[in-house]
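Below is one structure, written out as structure tokens; comments come after it.
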Amino acid sequence: MMFQLDYAAELLPILLKASLITIEATLGGMAVALVLGLVLALLRRSRHAVIHTPASALVEFVRSTPLLIQIFFIYYVLPLYGVRIPTLACGIIALGLHYATYTAEVYRAGIEAVPHGQWEAGRALSLPIYRIWRHIILPQALPPVVPALGNYLIAMFKETPLLAVIGVHELLGTALREASQTYRYYEPLTLVGLIFLAFSLVTALVLRRVEVRLAGRS
Amino acid sequence: MPAAPETAHHTPPLNALRLSGIGKSFGGATILSGFSLDVPEGQRLALIGGSGSGKTTVLRLIAGLERPDAGDIELFGRRLPYRRFAGRLIPDDPPEMRELRRPIGMVFQHFNLFLHLTALENVTEAPIHVLGQPPAEARREALALLDSVGLADLADRYPRQLSGGQQQRVAIVRALALRPRVLLFDEVTASLDPEKVAEVLAVMRTLATDERVTMIIVTHEMGFAREVADRVVFMQRGVIVEDAPAIDFFTAPRDPRSRAFLNLAS
């Protein structure tokens, strides 16, 4: 059974189109993870137990359960409570929520690495607390953790095929659908692998550049 | 609310600061207990003592970097709004607390300049975002202040590009930019190279000629304290051992512990 270039050439446009869904899911999931992760990191730093305890519980719970189950849960269980969301949005929420618990830890490390004196100087200058967070602490906490956040971006990208299970027509789902019509898996799966490889390499290269730039600034 | 006159014919100057019955402990170790201190407006007070004497804690309580466990803090006759909650004092009204503390400036041992901002941006941050000054005006005033300490040329440098002495001068200017009425100095020369100490002390000496600003200086520089301070409070283990005019304290300390400390420090 040889690799058929004609079939591969025929599949490529279909799969490239499907990869747009993969990218959409990744970028959407990452946006959720970046924002929600920061919110979780800030909530966990609260002095009030009523705020930090639920946030910590959520983080522990999500990290201790498989992403696949979370995807199914959001897709099948939420509608029972009247929450109706499009399939791709379900996938984005699941990815975003799952990775938010990891980015929250990354943010935490970044925030804790800012010297305590920066807080004290801000307070001694009577700066309002939100101003200290936004303009003193976060601008120093975030640049060093960009590489770590970038690694999660790539990791999340590689987990998007899980969304095929709820019928998101991303790369793997589309490839499997095509294969089921021809019973040829060699070409579709190879192409899927190559496309993932290409995107991962490009993203890693971009991240490397960002990293170098950030390092040059500080 | 003016301070109550002590005698019929003599109204003392308004107290810039009044600490009464302050208690503070860290993890079971009592640092201050029933600590009281009045500082009249315009005074240059040197707070001295060995390590663990509680002098830095006093400054940090005034600046709001620590909360008292007990007692009252008054600034210019107004009591800071702490209330008791679950056995601790917590700020009752954070915006009012910030407002009342705004006239207080603090300079730290380790400078604590904002590392991601230039010298100029460090200075203009609070005037723009606390006083609401227009940025152009804040920059003009900041440059003038930086110029007054000989740093106008370095306004666009980041803290890591400045020497310790330069950073500390920027930090002093940053505190001045809020037009403070009380300046707290927490061992501001203690982490400087010996040759940089003089340049920072020179700036503080100039500041001390401004009669309107109250200065509380925690220092180990006895020569400087003797030269600049009107009054010396010598502390040991959270207790005031001697509280005297600077000239008396340095020429004729009454308490044997003061004498021992001066002998060691000089």
Side-chain angles (χ1 to χ4, degrees), chain A residues 34 38 41-54 106-150 210-218, chain B residues 56 59-60 62-67 85-86 88 90-91 94-117 121-132 158-161 167 170-171 174-180 182-186 191:
Chain A
L34 287 178
L38 184 57
L42 296 181
L43 291 179
R44 290 186 82 178
R45 280 187 60 95
S46 167
R47 216 202 299 278
H48 304 288
V50 285
I51 297 174
H52 70 236
T53 311
V106 172
Y107 285 127
R108 185 186 60 78
I111 290 165
E112 282 177 3
V114 176
H116 196 60
Q118 301 288 302
W119 284 99
E120 300 202 330
R123 284 159 64 195
L125 288 171
S126 300
L127 290 171
I129 187 74
Y130 72 86
R131 179 85 202 165
I132 299 179
W133 269 114
R134 263 196 59 203
H135 292 267
I136 306 299
I137 304 303
L138 292 181
Q140 299 185 64
L142 299 186
V145 301
V146 166
L149 293 174
V210 172
E211 223 171 295
V212 168
R213 277 195 112 166
L214 286 172
R217 267 199 342 183
S218 60
Chain B
T56 287
L59 279 200
R60 292 174 59 82
I62 298 167
L65 300 176
E66 307 288 353
R67 291 176 190 175
F85 178 78
R88 298 182 311 160
I90 60 167
E96 192 197 346
M97 189 74 93
R98 244 194 5 258
E99 188 58 33
L100 288 177
R101 279 210 169 92
R102 211 173 69 184
I104 300 181
M106 181 156 181
V107 185
F108 299 88
Q109 178 179 351
H110 298 290
F111 331 135
N112 294 354
L113 288 181
F114 301 132
L115 303 170
H116 62 306
L117 301 180
E121 290 165 341
N122 264 277
V123 180
T124 57
E125 173 70 23
I128 295 174
H129 299 286
V130 175
L131 299 182
Y158 286 90
R160 65 175 186 283
Q161 300 167 317
Q167 288 191 55
V170 173
R174 178 174 70 171
L176 288 177
L178 271 179
R179 304 182 192 120
V182 178
L183 271 175
L184 310 174
F185 294 92
D186 185 14
S191 57

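Only heavy atoms go into these numbers, but all of them, side chains included; no hydrogens, no water, no symmetry mates. In the text below, chain A, chain B and the rest are named by the order of the sequence lines, each starting its count at 1. All values reported here derive from a predicted model rather than from experimental measurement.
Contacts of Arg174(B) with chain A are made by both backbone and side-chain atoms, with heavy-atom separations under 4.5 Å. Phe114(B) touches chain A through backbone and side chain together, each having a heavy atom under 4.5 Å away. Only the side chain of Leu178(B) has a heavy atom closer than 4.5 Å to any heavy atom of chain A. Within the 4.5 angstrom heavy-atom criterion, only backbone atoms of Leu113(B) (N, CA, C, O) approach chain A.
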For this session: Carefully, step by step, assess Glu125(B) and Arg131(A) under the rule side-chain contact (heavy atoms from CB on, under 4.5 Å).
Result: CA-CA 10 Å; Glu125(B) 173 70 23; Arg131(A) 179 85 202 165; 2.7 Å; yes
For this session: Starting from the C-alpha separation in whole Å, work towards a yes-or-no answer on side-chain contact (heavy atoms from CB on, under 4.5 Å) for Arg101(B) and Arg123(A).
Result: CA-CA 10 Å; Arg101(B) 279 210 169 92; Arg123(A) 284 159 64 195; over 6 Å; no
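Nearest approach of His116(B) to His135(A), heavy atoms of both residues: NE2-O, 2.6 Å. Taking each heavy atom of Phe108(B) and Ala121(A) in turn, the nearest pair found is CE1-CA, 3.9 Å. For the pair Gln118(A) and Leu115(B), the tightest heavy-atom approach, listed with the atom from each and the gap, is OE1-N, 3.5 Å.
Here Gln109(B) pairs with Glu187(B), Ala190(B), Ser191(B) under the side-chain contact (heavy atoms from CB on, under 4.5 Å) rule; sequence neighbours left out. Applying the side-chain contact (heavy atoms from CB on, under 4.5 Å) criterion to Arg98(B), with sequence neighbours excluded, gives Ser126(A), Pro128(A).
Rounded to the nearest 0.5 Å, atoms CD1 (Ile128(B)) and CG (Leu127(A)) are 11.0 Å apart. Distance CG/Leu125(A) to CG/Asn112(B): 10.0 Å, rounded to 0.5 Å.
The most heavy-atom pairs under 4.5 Å with chain A, out of Arg102(B), His129(B), Met97(B), come from His129(B).
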